[in-house]
Structure formats: C-alpha cells, structure tokens
2 protein chains.
Amino acid sequence: MVFEQSCRQCAVRGTALCAALPDADLLGLAGHGTHRRLARGETLVRAGDMAMPCANIQRGLMKICQTNPAGQEVIVGLLWPGDFVGAPFLGPAEAGHDIVALTPVTLCQFPARVMERVLTDNPAMEHALLARTMAELARARARLGSLARATALARVAGFLVETAQRSGAGDGETIAAIDLPLSRGEMADLLGLTIETVSRQMSKLKQAGVIGLPGGRRVVIQDPDALAEAAEDLI
Amino acid sequence: MVFEQSCRQCAVRGTALCAALPDADLLGLAGHGTHRRLARGETLVRAGDMAMPCANIQRGLMKICQTNPAGQEVIVGLLWPGDFVGAPFLGPAEAGHDIVALTPVTLCQFPARVMERVLTDNPAMEHALLARTMAELARARARLGSLARATALARVAGFLVETAQRSGAGDGETIAAIDLPLSRGEMADLLGLTIETVSRQMSKLKQAGVIGLPGGRRVVIQDPDALAEAAEDLI
DNA sequence: CGAATGGTTGAGACTCCTCAATTTGCGTGG
DNA sequence: CCACGCAAATTGAGGAGTCTCAACCATTCG
C-alpha cells in the first residue's frame, strides 16, 4: 500500500501531521505525494520562487537561509525530520528564503493545492499544522532573544546543546557524542559569527574540558552542565 | 448590535481575521468577546502562564518580550493593530513570553475554546490565521537574518524604516514624521543594543541630515533613500 | 606527490559595551 | 512663573569582544 511507504514514514518524532489523518484521507493524500531525495547541497526552494511546495521531511537536515545585500548567507532556521515545509493558503507570495539540504534528505512532497484541500477536509490536521506553526514561531522568537545579546561562546554552546537534543544524543546529563551536521562556515552563518570565531570558541570549550573534538565533525559533550552554563553567557 | 462595536473594529489594516467570517458567526463570536483596555505598561500575558488568551489588537502597540538569565529584557517582536495574539490548538503549553502594552491598547479578547470552535466552524478563518502565522514566522526569520550581522546603525535605521511603514506615515519616498512608540531603552532591547549606542546612532543620522529630531519622541525622516541605504549597512 | 578544501591559530583594527558626567524634558510644588 | 527633582536622552573616554587579514595544519582527492 502506497502510504505505508510514504506517509507512515512522515510520522517521525511523533509530531507529524499525518498522524491526525484518518486512513482514508491518508491514502488519498499519499496518492498525490511524491517521494523525493535531495543530495547534500541541493535546493528545494529558492528565494523569489512564486510556487512554494509543501513537504514533510523524513530524513536528513535542511537549512532555511537568505542572502543579505552584501552577499553573505545567513541561516535563519534548520528543518529536522518531521518538520513541515511550505505555506498553504498564503496565496501567490514570493518565497523569502532558500531551503537547501545540508545532508542527504528524503521527503514527501505534495502540490500546495492538494495539501490545501486535505487540510480543508481534515480540520484536525489543520489544527495540528497551526499549532505547530505557532510553536515554530515561538522558537524563532526565542532564537531572536538569544542572538540579540549572547556572546560568541554562548551561541556556539547553545547550538551544541540544541543539536544534541534534536539529534537525540544523550539525555543532556551524561556524556554524549554527536556528529555535527554543519561545517564551521555553516555554523557561522547560523550563529551570526565568522568561521574563525566559531573555531576559537570550539577550541576554548575543548581546552576547558567541556567538549572533546576527536576529529571530523564529531563532538563529545564531556560536561553537559558546563556546556549549558556556557550557553547562558551574555554580553 | 454588539459586533458593530467589537469585531468590525478588529478589521484593521484589511488583514483582520474576522473579515473571513460570515455575519452570523461574527455575531456569535462577538457574543463571547470581551472588550479590554490596557494602560501603557500593563501586561496581557506573562511568561509561564498556562492559559494563553486569544485577542485581536484594535488600537495601540504591544511588545513580546522575554527576560534572559542575566535579567535583561529582550523584545522579540511587536504587535500592531490588526495583529492576533494567542495560540489556539496548541494545548496547555506554557507561554514563553510576556506580552505588554507599549501604548494604551484596546483589544477584543476571546476565550481560547471559543476561538477554537469558531475556527473549526469557519475553515476560511482558520486558513487566514494559518497564512498569517506563516507570514509572521517569515518575518521573524527575516529579523533573525538582519540581527545576525547588521551593524548598530543598520539596526536603528531599519527600525525607523519599519516603524514608518507600519504606522502608515508617508510612502517611503517623501519626508515623513513619526512618533516613536518606544523609548531609547525599549529600542535597545528590541535591537540588541544599549541605550547609549541607540542614542549615538540616532545622533549620527541627525548629523548626516538623514533624520530630524525636533524633540520628544518625534522623528522626521528627511532622506528616506539614505535611511533605507543605512539600513543595509553590514558588518 | 600536489592541489584543494576545511579547520586552526595569531596580530591588529574596529565596533560596541561599560562607566561616568552632562544635558534635556517634564511634572510637581512653591 | 520659576525652582526643583526625577527620568530620559546625549555625549565622552576607555576597554572588551569580534572581525579582518594572514599564515599554517589536516584531510581528501586527483
């Protein structure tokens, strides 16, 4: 059955929208869904596009980014498995950001009109999407609050904490190892810093014994408490 | 008729949600609505509250703010007339921010359950709210992008441009005068700067003849083009 | 092996913050 | 009407933090 391959897999992290769908509609939705794989670096949406697809991310990590007038790229958000991409009902608005795969990605894509019809027919699904969008808005605002006054060290430490949480590594209290999905440059774009500053802060945390850097993009969180404390360092 | 006094007034700036309601439901909603006035500085929602009211702002300006671990206040967003407050369908989640009146405010408040029922009964209204929330998310992300790398001058200039737009003063091309709704301290909290730096940048714009500061909180935008250019100044 | 890419480390410049003093605006009371 | 006091805003000097520019190391790939 098709949706066994597609939408059931969307139900990642228990937050997926399809969980709100009765099976009949799930089947109807799956009939319109396209499975898509994106290679690392591939672009799903480009800023300025007039058509914004709707999709559920199944595996992998994507970045939402914009390019400022000086040509620098700024990453304004990350999308993890289970997250929703798209803006149904928004009308023919111009996409404001690029959405690009940071790792190999698999997703479940639908035409916006189909998604809109399914949402209209399934209030529970629309409620879930609305609630999730509000939660995402609150998260974006929280990030705004921390970016506003946090030091470089706090930004880097905060990013490590959040990445450890979202990639499900450890419980935040014991030693855990994560593979960073971002390069130093991408971390810099995300945190509003430069590559060099990110690198220096990582080295500082390593010197202090808070993290270990065994090589590659692997990070061992040796002292989660100290890391969490560093994340609250303010100007 | 009740709703003539309440919800018709919500239809500010042509974006209000009630515009999507048929008259019969509008009447029903108005029956549950409470008109409320807030004095300057009064708090509508406090971070940590378990109940998040739903409301439409009719007149005035509110701030969404959080207090960081060091006790500093950070303003993560502003709410203008016509904006919606609340998070229907999100369940009993803790409010993450304070929402405080910056000026005298009048708003139209509803119990979350009533709002949820009206949204369920009126898909068009829920679509409108979803679209608006997505647009607000895009705006928050855009702010993230500019806060990440903009200089102090660009932050201040950008704030002036946006305030002029949202308060409907001028067309962005000719000389316009606005009354700032925020103190220097509040601007600093919003832009992630200090009071002194905000003041210095305002003085710099004045010296350059870009703006005039006739006194009080009044700002005359004498050279909108130069102001817009200053807003794009990056580190 | 050499080139290319990504990461680390160092020195100096620049921006913004901190601390402090002064000025302005405004409401109160004499 | 003016003096006073208080809060807000402005201005200055010095210092901390981050960026820029540059060189150097590590890893991967041809």
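So that the names make sense, note that chain A is the first sequence line, chain B the second, and so on, each numbered from 1.
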Contact check, side chains of [X] and [Y], non-hydrogen atoms, under 4.5 Å:
X	Y	result
A/M187	A/T163	no
B/P81	B/Q58	no
B/L182	B/K63	no

Looking only at D/dT18, C/dG7, D/dT10, the nucleotide nearest the B/I195 side chain is D/dT10
Atom of [X], atom of [Y] and distance for their closest heavy-atom approach:
X	Y	answer
B/L78	B/D83	O-OD2, 4.1 Å
B/I57	B/L107	CA-CB, 4.1 Å
A/Q109	A/P53	NE2-CB, 3.3 Å

Electrostatic pair A/R143-A/E162, nearest N-O below 4.0 angstrom: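 Salt bridge absent between A/R143 and A/E162.
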If you compare every side-chain N and O of [X] against the phosphate oxygens of [N] (OP1, OP2), does one of them come in below 4.0 Å?
X	N	result
B/S183	D/dA8	no
A/T197	D/dT18	no
B/S203	D/dT11	yes

Overall bend - the helix from C/dC1-D/dG30 to C/dG30-D/dC1, comparing terminal axes fitted on five pairs, nearest 10 degrees: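 Answer rounded to 10°: the end axes differ by 30°.
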Would you mind reading off the distance between [X] atom [atom1] and [N] atom [atom2], rounded to a whole angstrom?
X	N	atom1	atom2	answer
B/K204	D/dT10	NZ	C1'	15 Å
B/R155	C/dC16	CZ	P	8 Å
A/L147	D/dT18	CG	C1'	15 Å
A/L193	C/dG7	CG	P	15 Å
B/Q201	D/dA9	CD	P	16 Å
B/M202	D/dT11	CE	P	11 Å
B/R149	D/dG17	CZ	P	20 Å
A/L205	C/dT8	CG	C1'	15 Å

So, using side-chain hydrogen bond (donor to acceptor under 3.5 Å, both in side chains) as the criterion, who are the partners of A/T197 when residues are at least two apart?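 Per chain and number, A/T197 pairs via side-chain hydrogen bond (donor to acceptor under 3.5 Å, both in side chains) with A/T194.
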What verdict does the side-chain contact (heavy atoms from CB on, under 4.5 Å) test give for A/L147 and A/R155, after you've listed the backbone C-alpha separation in whole Å, the side-chain angles of each residue and the deciding distance to 0.1 Å? CA-CA 7 Å; A/L147 263 182; A/R155 296 180 195 205; 3.2 Å; yes
Residues from residues 206-223 of chain B lying under 4.0 Å of DNA chain C - heavy atoms: none
Qualifying salt bridge (charged side-chain N to carboxylate O under 4.0 Å, His left out) pairs, either residue in residues 195-224 of chain A, two or more places apart: A/D179-A/R218
Does anything in residues 37-57 of chain A pair up under salt bridge (charged side-chain N to carboxylate O under 4.0 Å, His left out), and if so which pairs, sequence neighbours excluded?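 For residues 37-57 of chain A, and leaving out neighbouring residues, there are no salt bridge (charged side-chain N to carboxylate O under 4.0 Å, His left out) pairs at all.
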For the side-chain hydrogen bond (donor to acceptor under 3.5 Å, both in side chains) test, which of B/E73, B/Q72, B/H97 pairs with B/Q66? B/H97
Could you write out each protein N or O paired with an N or O of nucleotides 19-22 of chain C at a distance under 3.5 Å?
from, atom 1, to, atom 2, distance (Å)
C/dC19, N4, B/E196, OE2, 3.1

